[in-house]
Amino acid sequence: MQYMFLLYSTPEAEPVYGTPEFQAMMADFAAFSEKAQADGVLRGGEGLQGIETATSIKVRGGKVETMDGPFAETREHLGGYYVLDVPDLDTALRYAAQMPVAAFGTVEVRPLLNYDPADA
């Protein structure tokens with residue numbers, strides 16, 4: 001089953017870009033990615049640009065409304081994601097606990113929908 005790992009944190013909790021702590025965090029992410037790749041479970045993943053680059057839309061009454069920034073009112077920002085193909089939720093949670101952001105943010109783990117009835 002494929003799971004999406006949504007990586008959230010507050011900017012204040014993240015290591016500052018260019019610092020040794022930031023470099024260490026990036027090395028930890030690289031190590032996690034290499035492990036997931038070596039384990040044969042990595043299907044994708046990437047960091048996201050800052051929330052100041054986001055544009056949200058919604059359609060109400062047939063009218064498209066656009067808003068600068070993310071829609072959700074939250075202190076934590078979605079900073080990236082992974083998609084892993086693992087046997088079950090327990091395995092997914094073990095991988096989530098290994099992600100560097102789990103130490104200072106939140107990793108939301110959600111199964112992806114499977115729209116192919118042949119695979120169900």
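- Relative orientation of the Tyr82 and Phe29 rings is parallel, given thresholds of 30° and 60° on the angle between their planes.
- The closest side-chain heavy-atom distance from Tyr3 to Leu112 is not below 4.5 Å.
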Leu93 and Val109: side chain to side chain contact (heavy atoms under 4.5 Å, CB included), yes or no, with the steps? CA-CA 7 Å; Leu93 295 176; Val109 178; 4.0 Å; yes
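- Val107 and Met26 fall within a single hydrophobic cluster, where Ile, Leu, Val, Met, Phe, Trp and Tyr are joined by side-chain heavy atoms under 4.5 Å apart, directly or via other members.
- For the pair Met67/Ile57, no side-chain contact is recorded, criterion being any heavy-atom separation below 4.5 Å from C-beta on.
- Side-chain atoms of Glu76 and Ser9 include no donor-acceptor pair closer than 3.5 Å.
- For the pair Leu84/Phe5, a side-chain contact is recorded, criterion being any heavy-atom separation below 4.5 Å from C-beta on.
- Contact between Ala102 and Ala96 at its shortest, heavy atoms only, is CB-O, 3.8 Å.
- When all heavy atoms are compared, the tightest approach of Ser33 to Leu42 is O-CD2, 3.9 Å.
- The 12-atom threshold is exceeded at CD of Glu65, counting heavy atoms of other residues, nucleotides or ligands nearer than 6.0 Å.
- Of the possible polar contacts, none joining the Asp68 side chain to the Thr55 backbone as a donor-acceptor pair under 3.5 Å is found.
- Counting heavy atoms from C-beta on, the side chains of His77 and Pro11 come closer than 4.5 Å.
- Residues Glu46 and Leu48 are not in side-chain contact: their nearest non-hydrogen atoms beyond the backbone lie 4.5 Å or more apart.
- Asp39 places a side-chain heavy atom less than 4.5 Å from the side chain of Tyr95.
- Under the 3.5 Å distance criterion, the side-chain polar atoms of Gln98 are matched with a main-chain donor or acceptor of Arg94.
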